[in-house]
Colleague: 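Below you will find the structure I want to go over with you.
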Number of protein chains: 2
Amino acid sequence: MVTLAEVAQHAGVSASTVSYVLSGKRSISATTRQRVEQSIRELGYHPNAGARALAGKRSNIIALMIPLRTDMYVPVMMEIAIAVATTARTHGYDVLLLTGEEGPDAVRRVTGSGLADAMILMDVELEDERLPLLRETDQPSVLIGLPADSTGLTCVDLDWSATGALCVEHLAGLGHRDIAVIGEAPAVYERHTGFAERTLDGLRARARRAGVGVLHRPCEGGYDALALTLARIFDERPGTTGFVVQNESAVEPLLALLRQQGRAVPEDVSVVAICPDQVAVQASVRLTSVAIPAQEMGRRAVEHLVAKLDGRGGDEVVLLAPELTVRASSGPAPAAS
Amino acid sequence: MVTLAEVAQHAGVSASTVSYVLSGKRSISATTRQRVEQSIRELGYHPNAGARALAGKRSNIIALMIPLRTDMYVPVMMEIAIAVATTARTHGYDVLLLTGEEGPDAVRRVTGSGLADAMILMDVELEDERLPLLRETDQPSVLIGLPADSTGLTCVDLDWSATGALCVEHLAGLGHRDIAVIGEAPAVYERHTGFAERTLDGLRARARRAGVGVLHRPCEGGYDALALTLARIFDERPGTTGFVVQNESAVEPLLALLRQQGRAVPEDVSVVAICPDQVAVQASVRLTSVAIPAQEMGRRAVEHLVAKLDGRGGDEVVLLAPELTVRASSGPAPAAS
DNA sequence: CTGAAAGCGCTAACAA
DNA sequence: TTGTTAGCGCTTTCAG
């Protein structure tokens, strides 16, 4: 293992000089810098992370807390995680992966041990039990998601309420009067996940204003579950002509079942999905959809965190504006029969 | 921040005693232990990770290198990652998330800096450029995947070759004589990803023995791509009655297109998928499939790594035996017309 | 069974 | 522009 002292000796300078060449925290003459850099390369030197963390009081690690639930759409989480990791690297940070398993204890452990300088939390619930801890700590943190009370916290999220409203607006504008919402699995609502409830709120509020009816049904993924849900919906509201789907594993089953029932999309019923663009494009009918900007959420979260770590920027709620892309699954409501 | 010294003072013992209570590396009288533990609790002490890593020469961190490619089936990667993280925690390790982006440099950085004690690599290519580095280092590592030459390496993987063979065996046993294989995206084969090529090899070898024909077609996901692929297959081999699918985003399109063409599953054509059980069960036809044991791969990888870190166990290739579950998508080949 | 003390490799005053 | 030096908080000999 090569140490800073060895580099210093090899370059014929003092340890601190090498340290300063590395950190850039004071000016170094060009020749010295070059000699040091040369030695670093020749010896294959890498600063020891532990020593750095101890002496410098910062680990250059960001903790990322990912839920280990399986009822969420996994690719989105993964995309966020990867965006976090790559963005963090561009700022000189590594990412420590924490699963939800340890719960709030993980927060204590990480902040207490100095393992990480800051943390990013995903899958935030409206009344998340980790929030009090975050408010106490002086460690910077960013939530990806929006809790009920965001006082003293920094949050990055898609504006789900606006997303819901946008879907209704699109359908109402096309003349649809009865809209069914196929939602996430019941468990998601039961634990009051922020995005799910907010979407619903935005949807309902906008529907009220537009004078259209909304029927919301949570749904486990898969064909069988959806067949049941769909039957109930048409049973209760036979006049339903518009669907909003916020559940990736219900998208394809919905299209297949509608087809099977002889309901043409978009002639008889329109479908608007809330999902990543890739899902919308790859579906059997190219879906009109509001995209979930996973990458941008991950990137923004890191950038806010780094800003905080650098003493710039404070608490703030960043809501990304939803964008609806019209594709082949939505069209004018059929004339009333 | 609470330090070990403060705990020692509070408990009225020396620093080393506290350290030994924590590590259990020498016997401590019951009363002393209790007093120390009490102080730890009262003060809310957490050992400083950096100091530990520096003094103890181990960080208690395992690096996990995940590719950032988007052409692989993401949920499997995520499931592995989560299994790695949770298993690692039960052994006292945290997990550092590295994306493929930095490539081999990440290996150098992590081993050189002592950031992690060991690493797990995913998405291994047959001739992976990271392998030479791993062989040089004295840092333990485990691959999830199997390269062409596994000398001096520890690998955990599903036995893809046996998986391919098993699929053919099942279909051949049902009397199918012409089998089409719908594979991963072309890019996956182009970079010689281990699992894709091995599956193909196993499949072909077994087909040769059984005297059945095999036609392999890589395929991007989605309906449009699959429609093209499928047309070409039936064009070239009109007598195809068996399908093996190794591409999650082709599963549902395949079923839909077959249905649309009036080919009944499993009466006219049989389909065997290589995918996570959840996908097989949630599809529009419950699929006969070989499961991808993501969790077990993650878990086993960590356990082997921990064994190495503890000086137990050396290099080894662990191939998990594939298991085929018969569901509703496969049946006897139709009588030749 | 317990203490004292010497580092681990690096950073950041403080000096020059 | 550079060097000297005192820690950072912990582990681990070496003594007792």
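Reminder, nothing fancy here: chain letters follow the sequence lines and each chain counts from 1.
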Colleague: With a 4.5 Å limit on heavy-atom distance, are the side chains of A:Arg35 and A:Val13 in contact?
Modeller: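 A side-chain contact exists here, since the closest heavy-atom pair is under 4.5 Å.
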Colleague: Any heavy-atom pair between the side chains of A:Leu64 and A:Leu96 that's under 4.5 Å?
Modeller: no
Colleague: State plainly whether the residues A:Glu101 and B:Arg89 are in salt-bridge range, i.e. N to O under 4.0 Å.
Modeller: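 Judged by the 4.0 Å cut-off on N to carboxylate O distance, A:Glu101 and B:Arg89 do not form a salt bridge.
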Colleague: What one-letter contact string describes nucleotides 9-16 of chain C from 5' to 3', where B marks a base within less than 4.0 Å of any protein heavy atom, S marks contact via sugar-phosphate atoms alone, and - marks no contact?
Modeller: BBBBBB--
Colleague: If only side-chain N and O atoms of A:Thr17 are considered, is one of them under 4.0 Å from the OP1 or OP2 phosphate oxygen of D:dG3?
Modeller: yes
Colleague: In terms of side-chain geometry, is the basic nitrogen of B:Arg191 or B:Asp123 positioned less than 4.0 Å from the acidic oxygen of its partner?
Modeller: yes
Colleague: Indicate whether the side chain of B:Arg58 and that of B:Tyr93 have a donor and an acceptor atom separated by less than 3.5 Å.
Modeller: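 Per modelled atom types, B:Arg58 and B:Tyr93 side chains form a pair under 3.5 Å.
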Colleague: Take atom CG of A:Leu115 and atom P of D:dG9, then tell me their distance rounded to the nearest Å.
Modeller: 16 Å
